[in-house]
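Here's the structure we're looking at; comments come further down.
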Amino acid sequence: MAKLQAIRGMNDILPQQSLSWQYLETVFQQVVRRCGYQEIRFPVLEHTELFKRSIGEVTDIVEKEMYSFDDRNGDNLSLRPEGTAGCVRAADQHGLLYNQQQRLWYAGPMFRHERPQKGRYRQFHQFGVEAFGMAGPDIDAEILQLSASLWQELDLGEYLTLEINNIGSAEDRKRYSIALSEFLQLRVDQLDEDARQRMHTNPLRVLDSKSLQVQEALQGCPQLESFVNDESRQHYQQLQALLGSAGIEFRENPRLVRGLDYYNFCVYEWTTDTLGAQGAVCGGGRYDSLVEMLGGKATLAAGFAIGVERLVLMLESLDKIPAEARQPIDIYLLAVGDNLGQQSLQLAQLLRAHYPQLGIVSHCGGGKYNSQLKRAFNSGARLAVVLERDEPGKELLGNVKIRRLDDSAESETVEITEIIPKLAEFL
């Protein structure tokens with residue numbers, strides 16, 4: 001019988017890999033907490049209509065990439081392809097938005113049926129930050145400041161570039177889409193198949209095509225900035241001033257439009273050249289009309305999402321995971337001799353109570369000293385604590401040995417009653 005394998009594009013995260021994830025999750029949670037954001041959790045499964053309304057029915061996500069199906073009740077459901085729509089639905093349903101300000105964050109898996117490649121999978125993970133009920137560019141600047149703080153904490157600041165653009169209102173983009181579509185129609189022979197399809201359904205997405213041929217065809221095309229309204233232009237200028245005063249460097253990218261229909265005014269991406277083609281690590285912007293589009297009261301909103309897999313790839317390829325984050329086990333207890341299991345487990349609990357920040361493993365399953373010591377080395381622990389009867393048949397242990405698991409092999413035998421203070425000297 002053939003072994004079952006994971007579904008293509010849905011990857012297992014193995015114990016050694018999960019250490020990088022845990023480190024990143026810990027740092028992210030520390031940063032958002034310092035900025036006053038609170039966690040919200042919502043289901044991975046929603047009504048498909050939620051994403052059709054929010055993302056847009058003629059986007060690639062809705063047309064090609066969602067995992068959708070009819071359940072036994074005949075309801076059409078989808079695994080969430082992104083987090084903002086579900087966050088808005090949950091916050092509005094539970095009365096968190098109307099006449100209130102909220103700063104929320106979330107983390108978890110998303111699902112899109114894309115072609116798997118490095119840093120992009122069919123089950124992928126995101127961190128998201130969403131802020132509701134605040135006008136003006138200051139909340140946009142705060143969110144970007146939060147993301148910049150995260151890069152600083154992770155020691156990635158020098159590898160990431162902030163790109164920003166002003167995309168105006170939905171009405172502005174409709175007028176621009178007509179002009180852009182007319183321009184592209186005159187150059188249809190220079191477009192690839194994907195661009196020819198998008199020029200009729202979602203012309204703005206042609207702007208961020210990765211095809212050099214399409215980018216050449218776009219030379220001389222109408223500029224979106226010529227179509228945006230005065231309010232949007234003023235908001236964008238004020239945001240630039242706030243970023244400058246906060247010391248956050250940025251680059252204007254007039255072809256940055258993002259892939260979701262609900263954005264307005266400013267949009268942005270943090271990009272890197274350390275990941276090859278998959279250069280965007282974080283993206284977001286304002287989406288002041290989304291709550292109303294989903295049936296709620298008009299609510300100002302802004303936020304971003306971070307691709308966790310891509311950020312983990314950056315951290316590992318640049319060797320930015322601290323050594324202590326790669327070391328889940330600090331002390332390994334060996335029990336050499338018969339009937340020491342109970343005392344080993346009791347000692348392990350005693351040590352955990354006194355050193356709650358450490359990872360402490362008590363060897364189980366028996367075995368000779370050399371075999372247990374080999375497992376201690378393989379665990380990555382810093383120290384071994386050896387319980388061994390020096391007199392056969394003796395009921396209580398009087399001494400234990402502490403040994404460094406490094407090239408020095410430094411060791412010391414101490415009375416078991418002195419193990420707590422003596423360990424402090426070795427740690």
I need the minimum non-hydrogen distance between [X] and [Y], along with the two atoms involved.
X	Y	value
E309	Q123	OE2-O, 3.9 Å
S78	M66	OG-CE, 3.8 Å
Q126	A305	OE1-CB, 3.7 Å
S245	L242	OG-O, 2.8 Å
H363	Y332	ND1-OH, 2.8 Å
N165	L256	ND2-O, 2.8 Å

Determine whether a donor-acceptor pair (N or O, by modelled atom type, separation under 3.5 Å) exists between the side chain of [X] and the backbone of [Y].
X	Y	answer
R286	P137	no
S181	I178	no
E269	T271	no
Q215	L207	yes
Q17	L14	yes
T272	Y159	yes
S232	V228	no
Q102	L96	yes
S371	G367	no
D330	G359	yes

If we count only N and O atoms by modelled type, under 3.5 Å, do the side chains of [X] and [Y] hold a donor and an acceptor together?
X	Y	result
E252	Y236	yes
S211	S209	no
Y287	E130	yes
W270	T161	no

Salt bridge or not between [X] and [Y]? Use side-chain N to carboxylate O under 4.0 Å.
X	Y	result
E425	K422	yes
R233	E225	no
R255	E163	no
D194	R198	yes
E39	R41	yes
D172	R175	yes
E46	R89	yes

Heavy-atom side-chain contact between [X] and [Y] under 4.5 Å:
X	Y	value
V214	Q190	no
M314	L275	yes
F111	V44	yes
H47	L77	yes
Q327	R382	yes
L383	L405	no
Y369	L373	yes
V385	K401	no

Do L162 and E249 pass the side chain to side chain contact (heavy atoms under 4.5 Å, CB included) test, and can you show the C-alpha distance, the side-chain angles, and the key distance before you say yes or no?
CA-CA 7 Å; L162 175 61; E249 297 182 359; over 6 Å; no
Could you pull out all residues at least two apart from [X] that satisfy ring pair (Phe, Tyr, Trp, His ring centres under 6.0 Å)?
X	value
F183	none
H354	none
F265	H235

Report the C-alpha distance between K374 and Q372 in whole Å, list the side-chain angles of each, state the deciding distance to 0.1 Å, and finish with yes or no for side chain to side chain contact (heavy atoms under 4.5 Å, CB included).
CA-CA 5 Å; K374 182 178 179 181; Q372 293 189 40; over 6 Å; no
Would you give the length of the straight line joining atom [atom1] of [X] to atom [atom2] of [Y], rounded to the nearest 0.5 angstrom?
X	Y	atom1	atom2	result
S147	L160	OG	CG	9.0 Å
L224	L180	CG	CG	9.5 Å
L184	L218	CG	CG	6.0 Å
S408	R403	OG	CZ	8.5 Å
L311	K320	CG	NZ	12.5 Å
S18	I13	OG	CD1	8.0 Å

Would you mind listing every salt bridge (charged side-chain N to carboxylate O under 4.0 Å, His left out) that reaches into residues 346-361, with sequence neighbours excluded?
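Sorted result for residues 346-361: empty, none.
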Qualifying salt bridge (charged side-chain N to carboxylate O under 4.0 Å, His left out) pairs with a residue from residues 95-107, counting only residues at least two apart or across chains
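Sorted result for residues 95-107: R103-E142.
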As a quick check of understanding, evaluate side chain to side chain contact (heavy atoms under 4.5 Å, CB included) for R80 and F42, giving each step before the final call.
CA-CA 10 Å; R80 61 188 186 192; F42 42 89; 3.4 Å; yes
Given N166 and C266, is the side chain to side chain contact (heavy atoms under 4.5 Å, CB included) satisfied, shown in steps?
CA-CA 5 Å; N166 179 15; C266 61; 5.9 Å; no
Greater than 12 external heavy atoms within 6.0 Å of [X]'s [atom1]:
X	atom1	answer
R33	CZ	no
L186	CG	yes
E410	CD	yes
E316	CD	yes

Would you list the pairs meeting ring pair (Phe, Tyr, Trp, His ring centres under 6.0 Å) in which at least one residue belongs to residues 115-138, sequence neighbours left out?
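Sorted result for residues 115-138: W21-H125, F28-F127.
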